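Please read all numbers here as calculations on a predicted model, not as lab measurements. In listed order, ligands and their atoms are each counted from 1. What's counted below: heavy atoms across the whole structure, side chains too, no hydrogens, waters or symmetry copies.
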Amino acid sequence: MNPADGTVIAQVTEADAAQVDEAVRSARRALSGEWSRLGIRERAARLHRVADTIEKRFECFVQAEVADTGKPVSLARKLDVPRSAANFRVFADLVKMAGVEAFQTESPDGTAALNYAVRKPLGVVGIITPWNLPLLLLTWKVAPALACGNAVVVKPSEETPATATLLAEAMRDAGIPNGVYNVVHGFGPGSAGEFLTRHADVDAITFTGESRTGAAIMQAVASTVKPVSFELGGKNAAIIFADCNFEEAVNGIADAVFLNTGQVCLCAERVYVERKIFNSFVDALKRKAEALIAGWPTDEKTNLGPLISAQHREKVLSYYELAREEGATVVTGGGIPTFADERDRGFYVQPTIYTGLAESARCVKEEIFGPVCHVAPFDTEEEAVSMANDTKYGLAASIWTSDLKRGHRVAQQMKVGITWVNCWFLRDLRTPFGGAGLSGIGREGGIHSLNFYSELNNICIRL
Ligand code: NAD
Ligand code: 6OD
């Protein structure tokens, strides 16, 4: 469905259990075919070719991403499609460079040995991904899984089926053997997602999505003891000190709150601002929110798209209502924009800023996943750290200050997987990525991805 006007774009076939099984068997077969005989260099070369193909068909991927999500075309061009090609390049290069551990062993009785580890594929990896950055998050997992020699069965979100399908064409064109990359479409519970997690011949599950879906998947994989990697939800904090570069901080927080209509797991929904600059910061952020252009996704000037679906809009609007009930002051937004054209049938909401909520309010505690934040003042560094850490989630934080000593000090106290200082969503794909608490299990990125997507076999040779 086109989130900008609610029209149906395409029909997608929902895979039943037999089709998921066929996909898993296809992946298993591929593991004993040509794919298993390629050396690392050739595997890496083919992943570079996948990246080349994405770049060659750049506009096709952009159009598919926009059709899937309703995000502004400028964002798909700047973020999603280039990052997807980069995911293949980075993991292709990394797998060629990655070493293994080796130890010279001396036992107390004088026996000497050499221990070294070799990296083997896990086998068939099930990959389940969400709708917010569908191509970016899918390739973030497919690329390292293939780099390590696995075959994959992917189950993209039911909201965003197009780019995963198009990627299959890129795989074929890049010479990835049949069966190495398999796509099944469908929903989660009682559908393709659950069939994949429960399949006895799937060796591992890597999942990005909501924390409670992570819990359901964990139960599903328990009986077959599959390794899991979970990248889950967040309720991320930003801390803005009075000594920050004001303009950079306002621009950075406007991105951190409103990018992709707030549908990025790393978005800041809790903004803590030192009291001395609180009023001026809220005013400046309000101006930023009100300057956003909620246009058609295909219009180059648009920088605020619709939410993904009617159902998700209901959820976000229920929090807008709850915020009022909880006593919030509405600085801006809080409703639905009107356009007097077809967009009135789409899933837009106004970018929204609240102040005045208690820290215990549900709107301050629960992930909303829309273009919305609550801004609260603080007086001391300790108070800011304590409020930022007062959450069951632990994905990301950002700190804004000119005092780098303070930047390090506060960053090191954040109970999260990633802390940015004077920036947000600035990525280096070699770094560990993941969350604490309800935000996930494990780390991906760089060597962490290679470690998850491979089985290490330690070999001990008596000398
Ligand atoms: P979701 O959990 O509803 O769905 C994600 C995927 O899981 C979809 O493909 C869905 O069909 C599938 N699924 C749902 N129930 C399932 C089940 N029981 N078994 C197997 N598969 C199942 O998430 P969403 O609404 O698509 O995405 C938004 C959420 O994802 C937010 O909470 C956001 O914070 C989170 N997210 C986290 C990260 C991260 O890196 N930590 C990144 C992006 C999104
Ligand atoms: O940048 C990444 O690698 C990543 N996994 C981003 C996640 C964004 C969440 O919506």
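Neither the backbone nor the side chain of L266 comes within 4.0 Å of ligand 1, counting heavy atoms alone. Contacts of P156 with ligand 1, taken as heavy-atom pairs under 4.0 Å, involve the backbone alone. Contact annotation: for E444 versus ligand 2, there are no heavy atoms closer than 4.0 Å. With a 4.0 Å cut-off on non-hydrogen atoms, V264 does not touch ligand 1 at all. Within the 4.0 Å heavy-atom criterion, neither part of T208 lies near ligand 2.
The distance criterion of under 3.5 Å between nitrogen or oxygen atoms is not met by Q263 with respect to ligand 2. For F425, no nitrogen or oxygen atom sits less than 3.5 Å from a nitrogen or oxygen atom of ligand 2, counting backbone and side chain alike. Backbone and side-chain nitrogen or oxygen atoms of T213 are examined, and one is located within less than 3.5 angstrom of a nitrogen or oxygen of ligand 1. Considering backbone and side-chain atoms alike, E210 places an N or O below 3.5 Å from some N or O of ligand 1. The shortest N or O to N or O distance between S439 and ligand 1 is not below 3.5 Å.
Using modelled atom types and a 3.5 Å distance limit, the side chains of R172 and N178 yield no donor-acceptor pair.
Judged by distance alone, with hydrogens and angles left aside, the side-chain atoms of R313 form no donor-acceptor pair with the main-chain N or O of I336 at under 3.5 Å. Looking only at distances, a side-chain donor or acceptor of W424 sits under 3.5 Å from a matching main-chain atom of L266. Formation of a donor-acceptor pair under 3.5 Å by the T352 side chain with backbone atoms of Q350 is found in this model. Formation of a donor-acceptor pair under 3.5 Å by the E248 side chain with backbone atoms of N422 is not found in this model. Panel note: side chain Y348, backbone G295; a donor-acceptor pair is recorded below 3.5 Å. Of the possible polar contacts, none joining the E65 side chain to the D80 backbone as a donor-acceptor pair under 3.5 Å is found. Remark: the backbone N or O of G346 is not paired with any side-chain donor or acceptor of D5 at under 3.5 angstrom. Q413 places no side-chain N or O within donor-acceptor distance of the main-chain N or O of V385, the cut-off being under 3.5 Å.
In this structure, G214 does not count as a contact residue of ligand 1, since none of its heavy atoms falls inside 4.0 Å of the ligand. Not a single heavy atom of G435 sits under 4.0 Å from any atom of ligand 1. Using 4.0 Å as the threshold, F230 has no heavy atom nearer than that to any atom of ligand 1.
The nearest heavy-atom contact from the protein to atom 6 (C) of ligand 2 is F433 CZ, 3.6 Å. Looking only at protein heavy atoms, the nearest one to atom 32 (O) of ligand 1 is E367 OE1, 2.6 Å. At the top of the distance list for atom 22 (C) of ligand 1, counting protein heavy atoms only, stands G188 CA, 3.3 Å. The closest protein non-hydrogen atom to atom 28 (C) of ligand 1 is F369 CE2, 3.6 Å. In terms of protein heavy-atom proximity, atom 8 (C) of ligand 1 is nearest to T129 O, 3.3 Å. The nearest heavy-atom contact from the protein to atom 37 (C) of ligand 1 is L232 O, 3.0 Å. Here the protein heavy atom with the shortest distance to atom 8 (C) of ligand 2 is C265 SG, 3.1 Å. Given atom 27 (O) of ligand 1, the protein heavy atom at minimum distance is P130 CB, 3.2 Å. Scanning all protein heavy atoms for the shortest distance to atom 12 (C) of ligand 1 gives I128 CG2, 3.6 Å. For atom 36 (N) of ligand 1, the closest non-hydrogen atom on the protein side is C265 CB, 3.6 Å.
Applying the 4.0 Å criterion to heavy atoms of F187 picks out, from ligand 1, the atoms 11 (O). Close approach to F433 involves these atoms of ligand 1, each under 4.0 Å from a residue heavy atom: 40 (O). In the vicinity of L133, heavy-atom distances shorter than 4.0 Å reach the ligand 2 atoms 8 (C), 10 (O). Set against the non-hydrogen atoms of L137, the atoms of ligand 2 under 4.0 Å away are 4 (C), 5 (N), 6 (C), 7 (C). The ligand atoms of ligand 2 that sit less than 4.0 angstrom from a heavy atom of R83 are 1 (O), 2 (C), 3 (O). Taking every non-hydrogen atom of E231 and a distance limit under 4.0 Å, the qualifying atoms of ligand 1 come out as 37 (C), 38 (C), 39 (C), 40 (O), 41 (N). Taking every heavy atom of N132 and a limit of under 4.0 angstrom, the matching atoms of ligand 2 come to 9 (C), 10 (O). Annotation for ligand 1: atoms under 4.0 Å from non-hydrogen atoms of G193 are 19 (N), 20 (C), 21 (N). For ligand 1 and F207, the ligand atoms under 4.0 Å from any heavy atom of the residue are 2 (O), 5 (C), 6 (C), 7 (O). Counting atoms of ligand 1 from 1 in the listed order, those under 4.0 Å from a heavy atom of N132 are 43 (C), 44 (C). Short contacts between ligand 2 and R427, defined as distances under 4.0 Å to a heavy atom of the residue, involve ligand atoms 1 (O), 2 (C), 3 (O).
Heavy-atom contacts from other residues, nucleotides or ligands closer than 6.0 Å to NZ of K315 number more than 12. Dense packing is recorded around NZ of K96, with more than 12 heavy atoms of other residues, nucleotides or ligands lying under 6.0 Å away. Residue R77 qualifies as enclosed at atom CZ: its count of foreign heavy atoms under 6.0 Å is above 12. In this structure, E247 places its CD atom where only 12 or fewer heavy-atom neighbours from other residues, nucleotides or ligands lie under 6.0 Å away.
Ring to ring, F91 and Y453 are not that close: their centroids are 6.0 angstrom or more apart. Ring centroids of F369 and W131 are separated by less than 6.0 Å, placing the two rings close together.
For the pair K235/K365, no side-chain contact is recorded, criterion being any heavy-atom separation below 4.5 Å from C-beta on. With contacts defined as side-chain heavy-atom distances shorter than 4.5 Å, the pair R89/H48 qualifies.
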Quiz item: Could you walk me through whether V271 and I240 pass the side chain to side chain contact (heavy atoms under 4.5 Å, CB included) check?
Solution: CA-CA 8 Å; V271 180; I240 295 103; 3.4 Å; yes
Quiz prompt | Residues D173, T53; criterion side chain to side chain donor-acceptor pair (under 3.5 Å); working and verdict | solution = CA-CA 7 Å; D173 294 351; T53 311; 5.8 Å; no
Self-check item: Intermediate values then yes/no, side chain to side chain donor-acceptor pair (under 3.5 Å), E444 and T206
Solution: CA-CA 10 Å; E444 298 198 31; T206 177; 2.9 Å; yes
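Per-atom contact check: atom 4 (O) of ligand 1 does not touch the protein, criterion being a heavy-atom distance below 4.0 Å.
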